[in-house]
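Notes for the one structure printed next.
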Protein chains: 2
Amino acid sequence: MTRTLLREEVYSRLLDAIVDGTFAPGEQLRDTDLAHWLGVSRTPVREALLRLGEAGLVRSAPGRSTHVAHLDPDVVRDAQAVVSAMHRLAVAEAVSRLTADDLAEMREANDRFAAALLLGDVDAALRADDDFHAVPVRASGNRAVEKVLAQFGPVVRRLERLRFTSQAGRASIDLHQRLLDLCAVADAEGAAQVSFETWQTLRPMLDDATRADSPEGRNC
Amino acid sequence: MTRTLLREEVYSRLLDAIVDGTFAPGEQLRDTDLAHWLGVSRTPVREALLRLGEAGLVRSAPGRSTHVAHLDPDVVRDAQAVVSAMHRLAVAEAVSRLTADDLAEMREANDRFAAALLLGDVDAALRADDDFHAVPVRASGNRAVEKVLAQFGPVVRRLERLRFTSQAGRASIDLHQRLLDLCAVADAEGAAQVSFETWQTLRPMLDDATRADSPEGRNC
DNA sequence: GGACGCCGGACTGTTGACACTCAAACCCTT
DNA sequence: AAGGGTTTGAGTGTCAACAGTCCGGCGTCC
């Protein structure tokens with residue numbers, strides 16, 4: 001049984017709090033406060049914050065302060081482009097390895113996604129979407145892709161939680177179905193392209209983001 | 001003037017030592033020894049090692065030991081696929097933004113690359129190659145791409161230093177030239193595809209790696 | 001001679017405290 | 001009232017030391 005380190009637990013909790021909005025964009029994070037809140041010393045908190053900083057979820061001014069990153073449209077757009085490219089790569093590498101069970105798992109996740117949209121349950125919809133896309137990522141066996149997605153995925157998810165629309169969701173159902181169909185006939189290039197397009201459905205959310213959260217222009 | 005932190009200096013020095021082979025694959029790294037060697041306390045060393053671990057350049061067993069990662073062909077292949085995809089994305093986003101100065105800078109770097117190959121100067125060749133590919137990455141303005149390349153680029157470079165051949169280098173000159181030509185006529189898709197292919201020239205090195213450094217099969 | 005259990009050392013994880021930097025606030029002078 | 005200089009507090013960077021885990025070696029028993 002692998003050992004769970006405090007810095008991993010702290011990282012997960014801080015990540016969740018940032019993505020779900022418990023920590024608001026711009027909110028100051030003091031590592032001494034977080035240490036007290038989590039009941040640990042500063043070191044695991046510092047280590048977790050460093051990782052969050054690498055993903056762009058927090059911004060630190062050395063020796064000064066740390067803040068939850070604003071939803072800077074440039075930052076999110078950059079992360080979204082990286083996430084799209086990683087999923088396309090994963091799909092291209094996975095298509096020849098996907099089993100019937102994998103495809104069934106993707107169908108089931110897409111069905112859950114559609115059902116969640118009907119209920120207006122954003123959290124369930126995003127979980128189903130995660131489950132859907134996780135299948136080819138896992139099948140690709142590319143650990144570097146997994147690491148990049150673990151790092152930049154939350155940056156994109158954070159926007160989705162705030163800007164999710166049923167309209168974009170419904171477009172995703174169809175794209176998910178096309179992706180499934182192309183995987184089923186082992187069309188790696190077609191599937192990779194559709195995977196990329198699936199993640200382009202986020203672009204309208206990014207355009208909306210320029211009218212939210214950072215009224216004084218961009219952080220530099 | 002931005003402040004330089006010890007953990008950044010330590011990270012750079014450890015990264016260089018791993019990529020250039022000063023720290024051999026498999027070599028044990030004790031953070032107390034590294035702290036003494038670098039004249040700092042363990043904290044910046046630990047923080048640097050965590051980052052190196054995320055890139056796959058070191059492997060830590062929690063509470064046990066830390067080692068320089070072997071040249072595991074799977075790890076390098078994964079990183080190489082990610083690096084290829086990032087450069088392709090960067091080129092696709094950069095093509096419409098490249099100036100005449102940018103193109104001139106790329107030509108100059110390709111010329112230096114060719115000259116270094118003639119002299120058999122691997123270090124100079126790799127520096128020129130870095131300079132060449134840095135231009136579209138910078139022009140793309142995508143900070144997330146820069147971060148991913150900073151993280152996984154050294155994993156790929158590490159193999160190149162050991163397995164570099166003039167033959168592969170000469171193939172790169174032509175691909176560089178094709179990439180330049182396609183950028184000059186603003187063919188984003190063509191340029192992106194050639195950029196991707198440029199990084200595929202590493203594949204023969206990966207196949208050779210299975211006969212080096214990890215005779216007992218893979219680390220798991 | 002082999003297997004099992006215990007102990008100690010190696011090494012990392014975490015802790016609490018000190019050091020340093022930066023910016024805001026306050027005070028003094030013009 | 002404004003500007004400049006000094007002081008102080010906030011917050012992070014780094015330090016030294018303690019805690020905990022894991023594995024190898026040694027001793028004992030069968």
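Below, chains carry the letters A, B, ... as their sequence lines are ordered, and counting in each starts from 1.
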- request: Check the pair B/Trp199, B/Phe152 against ring-ring contact (aromatic ring centres under 6.0 Å, His included), reporting the backbone distance first and the verdict last.
  value: CA-CA 13 Å; B/Trp199 289 93; B/Phe152 292 101; over 10 Å; no

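Rounded to whole Å, the distance from CZ on B/Arg64 to P on D/dG24 is 8 Å. Atom CD in B/Glu47 sits roughly 15 Å away from atom P in C/dT12 (whole-Å rounding). One interatomic measurement links the two molecules: NE2 of A/His36 to P of C/dA17, which rounds to 11 Å at whole-angstrom precision. Distance CG (B/Leu38) to P (D/dT14): 13 Å, rounded to an integer number of Å. Atom C1' of nucleotide D/dG20 and atom CG of A/Leu6 are separated by 11 Å, given to the nearest angstrom. Whole-Å rounding puts the A/His67 NE2 to D/dA10 P distance at 15 Å. For the pair B/Tyr11 OH and D/dG13 P, the interatomic distance rounds to 17 Å; values are reported in whole Å. Across the protein-nucleic acid pair, A/Arg42 atom CZ and D/dG11 atom P stand 12 Å apart, rounded to whole Å.
A close approach under 4.0 Å does occur between a side-chain nitrogen or oxygen of B/Gln28 and OP1 or OP2 of C/dC11. An OP1 or OP2 oxygen of D/dT12 is reached within less than 4.0 angstrom by a side-chain nitrogen or oxygen of A/Thr66. Proximity of A/Arg30 to the phosphate of D/dG11: a side-chain N or O atom is located under 4.0 Å from OP1 or OP2.
Here C/dG13 is the nucleotide among D/dA16, C/dC22, C/dG13 with the atom lying nearest to any side-chain atom of A/Leu5. Checking D/dA16, D/dT12, C/dT15 against the side-chain heavy atoms of A/Arg46 singles out D/dT12 as nearest. Listed nucleotides C/dT15, C/dT12, D/dC15 differ in distance to B/Thr32; the shortest reach to its side chain belongs to C/dT12.
Checked against A/Pro136 for a side chain to side chain contact (heavy atoms under 4.5 Å, CB included), the options A/Val145, A/Asp102, A/Leu89, A/Val91 give a single hit: A/Val91.
Here the shortest heavy-atom pairing between A/Ser60 and A/Thr66 reads OG-OG1, 3.2 Å.
Put simply, NE2 on B/His133 and CG on B/Asn110 are 8.5 Å apart, with the number rounded to the nearest 0.5 Å.
At a threshold of 4.5 Å between non-hydrogen side-chain atoms, the residues B/Gln151 and A/Val148 do not count as touching.
In this structure, B/Thr43 and B/Leu29 both approach DNA chain C, and ranking their closest nucleotides by distance from the 5' end singles out B/Leu29.
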